[in-house]
Amino acid sequence: MSDSSNGAVDAAAAPTPAAVPERPAKDRPWVMRTYAGHSTAEASNALYRSNLEKGQTGLSVAFDLPTQTGYDPTSPLARGEVGKVGVPVPHLGEMRKLFDGIPLTSMNTSMTINATAMWLLAMYQVAAEEQNPELDPAEVAQQLAGTTQNDIIKEYLSRGTYVFPPEHSLRLISDMIAYTVHQIPKWNPINICSYHLQEAGATPTQELAYSLCTAIAVLDAVKAAGQVSEEDFEKVVGRISFFVNAGVRFVEEMSKMRAFVRLWDEITADRYGVTDPKMRRFRYGVQVNSLGLTESQPENNVQRIVLEMLAVTLSKDARARAVQLPAWNEALGLPRPWDQQWSLRLQQVLAYESDLLEYADIFDGSHVIEAKVTELVEGAKAEIDRVQAMGGAIAAVESGYMKQALVSSHAARRARIEAGDEIIVGVNKFTTTESSPLTADLDGAVQTADPEAERSAIASVEAWKAQRDEAAVTAALEKLAADAKDDTNLMHATLAAARAGATTGEWAATLREVFGEFRAPTGVSGAVGVAEAGAELTAVREKVAATGEELGGRLRLLVGKPGLDGHSNGAEQVAVRARDAGFEVIYQGIRLTPEQIVAAAVAEDVHCVGLSILSGSHMELVPDVLEGLKAAGAGDIPVIVGGIIPDSDGKRLQELGVAAVYTPKDFGLTEIMGGIVDVIRAANGLD
């Protein structure tokens, strides 16, 4: 029998292959963003367009601190901060440049902006109108989609870019909500932010409770303002979105998201009578945890980011609507475009290569998950009731209750890490490591902010003012001030000011004149520190006491936050641990000028000044403090600095006279306290 006949017989006998089953249809992926903005509007625009070409499906704009806190680049308070943690947008001309070539009527844009949110939304709307001159402005507004963060309560608690007192801040928020519901119906006018609460130390229960108390305060304010009818109030609830954090404790974080869904549905139904289930849906975006990213062995941050992303994507019934991921090197400095691309690709692999989006919720029926969700719901309800009994979120901010709770929770977490009870791989366990090619060139592993950004921004403001109609600007700002003194919705006067050519600083200054400013409680004085002192802290306490006796009094440490950086978590923890170690601590909170810090150091006759700067402005602000101390005849007071500081900058600071530099890798607070005592002893010739 021939080979061919053999083949024919075998083929005839072979079974028919089974039909290949069709794959289930996939759900639409979440909106994929990277949080970006730096240096100048032109540079940020180029980055946005590049990211969109790489498959990013929405924009998330980071603004610099002067823009966030209502100062123009020409303000002395803006020194060293322009273009450092985001893009400067001091006027409409820069907003035009920021979105040049990006059609705003077809884009979904998230803007991380709070105190000045109304102003930035107004400029965004006017820029969109200018892109579409053939359309009526009202028609353009109807097409805009996106989100302004606009949660001022968490700014008082954790992030520090507040400007106005709570009552007036809520007025701005409720005016924006009423305006957008009627004029920009696809816009989310507020993100209730639990993200920054977790960064400030919140437990999952606190994160749930405090963010939901904020949402209650906002919705109650909108109701009280009377600008939205009962019929339209469901639309207000339906446009409330949340911005959450996801840490590395996967089961707990995923259960937290399911608890959020359950609690929000109950609150909107029971407290506000919302009957449409779609309007009660918990809608949220997420950036996963940056607090847990480490400077030591930073390559480990990639798997942390992936685990945290899974916590907000695996559960279909509690899946995020939008996700932005930090970069692996954010504990080192400003991520480069390649680092941001890597984070975007992490999302794309999960969404497009895995089968995640093909199935119903895979956790339904899990006894473990249900028990954890129930535990979190019950704990959050108890804390919500406690805050509401105080008079709500605003009262709990003004009394310092929530801030003290967060500082205490953060201190407890730091103590667990230092004791080894909470393991951070590469930090307090498994610390031996091969040299990493990712960090072989530390200065090249991050992007450096353009040193010309500040001068460029100042020149931009000067040129803008030179070509505008000053009379029109004056009239617009006078109308803004007049409306602020009654109950007129401020969005209309704000839009008029943007069209006339007012600047960010002028808009904010006008409202500062009417509303005043606010300094939030620090939470340090009432915070609970280390409950029991171990051998290391006991030894440091003895060293502090002995050195104080040698110098004729208790050691005094000034903890200062110069510039506009409001991320005070690290400074607060240093202050709490220093107090526990026996120092007398002087801590006046955030947003101090170098001159104010020098004056306090001299007035309090301190033994050491500790500066905390996380915005990258250390090379401008620290020398100002050093020079100020010398001019005041206090140049012998040692200065130490903590923050995200590249090695080359740290060496330069020490050459300028800084006694010690601490970065995120120096996680041992008690060890740092011992180092501060050594610095004081050396400065006083006691070694």
Side-chain angles (χ1 to χ4, degrees), residues 23-39 41-62 86-87 97-112 124 128 131 143-147 186 188 191 195 241 243-244 246 283-290 293 299 301-316 319-330 334-359 438 446-447:
R23 291 185 176 182
K26 281 195 171 189
D27 292 336
R28 182 191 302 176
W30 52 89
V31 175
M32 298 182 190
R33 296 184 173 122
T34 51
Y35 182 51
H38 67 93
S39 301
E42 294 93 335
S44 297
N45 173 265
L47 179 61
Y48 298 158
R49 293 171 73 165
S50 173
N51 285 345
L52 290 170
E53 289 172 2
K54 293 171 183 173
Q56 184 173 301
T57 52
L59 294 177
S60 182
V61 181
V87 57
K97 295 175 186 175
L98 186 64
F99 293 109
D100 181 43
I102 300 173
L104 298 184
T105 51
S106 59
M107 182 55 55
N108 189 304
T109 304
S110 172
M111 295 193 282
T112 300
Y124 185 87
Q131 286 185 354
Q143 296 181 38
L144 298 180
T147 302
K186 293 192 287 186
N188 301 321
N191 258 161
Y195 176 87
S241 64
F243 185 66
V244 307
R283 301 162 54 251
Y284 77 98
V286 62
Q287 172 163 320
V288 305
N289 188 287
S290 293
L293 302 184
E299 63 274 11
N301 293 331
V302 177
Q303 49 264 41
R304 292 185 180 109
I305 291 167
V306 170
L307 277 172
E308 292 162 355
M309 174 175 56
L310 291 176
V312 295
T313 55
L314 280 187
S315 175
K316 180 177 179 178
R319 182 171 294 149
R321 295 288 190 90
V323 177
Q324 59 192 46
L325 304 180
W328 68 276
N329 56 348
E330 287 200 10
L334 182 67
R336 301 158 299 187
W338 184 86
D339 307 312
Q340 293 191 334
Q341 174 183 295
W342 191 357
S343 289
L344 176 62
R345 295 293 185 251
L346 296 179
Q347 295 198 58
Q348 291 169 329
V349 168
L350 178 64
Y352 297 111
E353 292 191 26
S354 84
D355 58 353
L356 170 66
L357 297 177
E358 297 175 8
Y359 295 97
L438 291 174
V446 294
Q447 182 162 315

[X] side, atom [atom1]; [Y] side, atom [atom2] - distance, nearest 0.5 Å:
{"X": "Glu330", "Y": "Asn301", "atom1": "CD", "atom2": "CG", "result": "9.0 Å"}
{"X": "Thr147", "Y": "Lys186", "atom1": "OG1", "atom2": "NZ", "result": "13.0 Å"}
{"X": "Leu346", "Y": "Trp328", "atom1": "CG", "atom2": "CH2", "result": "13.0 Å"}
{"X": "Phe243", "Y": "Gln324", "atom1": "CZ", "atom2": "CD", "result": "4.0 Å"}
{"X": "Ser60", "Y": "Gln287", "atom1": "OG", "atom2": "CD", "result": "7.5 Å"}
{"X": "Met309", "Y": "Arg304", "atom1": "CE", "atom2": "CZ", "result": "15.5 Å"}

Looking at [X] and [Y], what are the two nearest heavy atoms and their distance?
{"X": "Arg345", "Y": "Lys54", "answer": "NH1-O, 2.9 Å"}
{"X": "Leu47", "Y": "Ala36", "answer": "CD2-CB, 3.6 Å"}
{"X": "Pro29", "Y": "Leu357", "answer": "CA-CD1, 3.8 Å"}
{"X": "Gln56", "Y": "Leu52", "answer": "O-CD2, 3.5 Å"}
{"X": "Arg319", "Y": "Thr313", "answer": "NE-O, 2.6 Å"}
{"X": "Tyr195", "Y": "Ser290", "answer": "OH-OG, 3.1 Å"}

Does some side-chain heavy atom of [Y] sit less than 4.5 Å from a side-chain heavy atom of [X]?
{"X": "Gln131", "Y": "Thr105", "value": "no"}
{"X": "Leu98", "Y": "Tyr124", "value": "no"}
{"X": "Val288", "Y": "Pro326", "value": "yes"}
{"X": "Leu144", "Y": "Thr109", "value": "no"}
{"X": "Leu356", "Y": "Leu310", "value": "no"}
{"X": "Asn329", "Y": "Arg336", "value": "yes"}

| query | Would Arg33 and Asn108 count as a side-chain hydrogen bond (donor to acceptor under 3.5 Å, both in side chains) if you check the C-alpha gap in whole Å, the side-chain angles of each, and the deciding distance to 0.1 Å? | reply | CA-CA 10 Å; Arg33 296 184 173 122; Asn108 189 304; 2.4 Å; yes

| task | Return the set of residues passing side chain to side chain donor-acceptor pair (under 3.5 Å) with Trp342 (not counting sequence neighbours), or none when no residue passes. | result | none

| said: I'd like to check the salt bridge (charged side-chain N to carboxylate O under 4.0 Å, His left out) partners of Lys316; sequence neighbours left out, ordered by chain and number. | reply: Asp27

| Can a donor-acceptor pair be found between the side chains of Asp100 and Asn45 at a distance below 3.5 Å? | no

| query | Have Ser110 and Tyr35 got a donor and an acceptor in their side chains that come within less than 3.5 Å? | reply | no

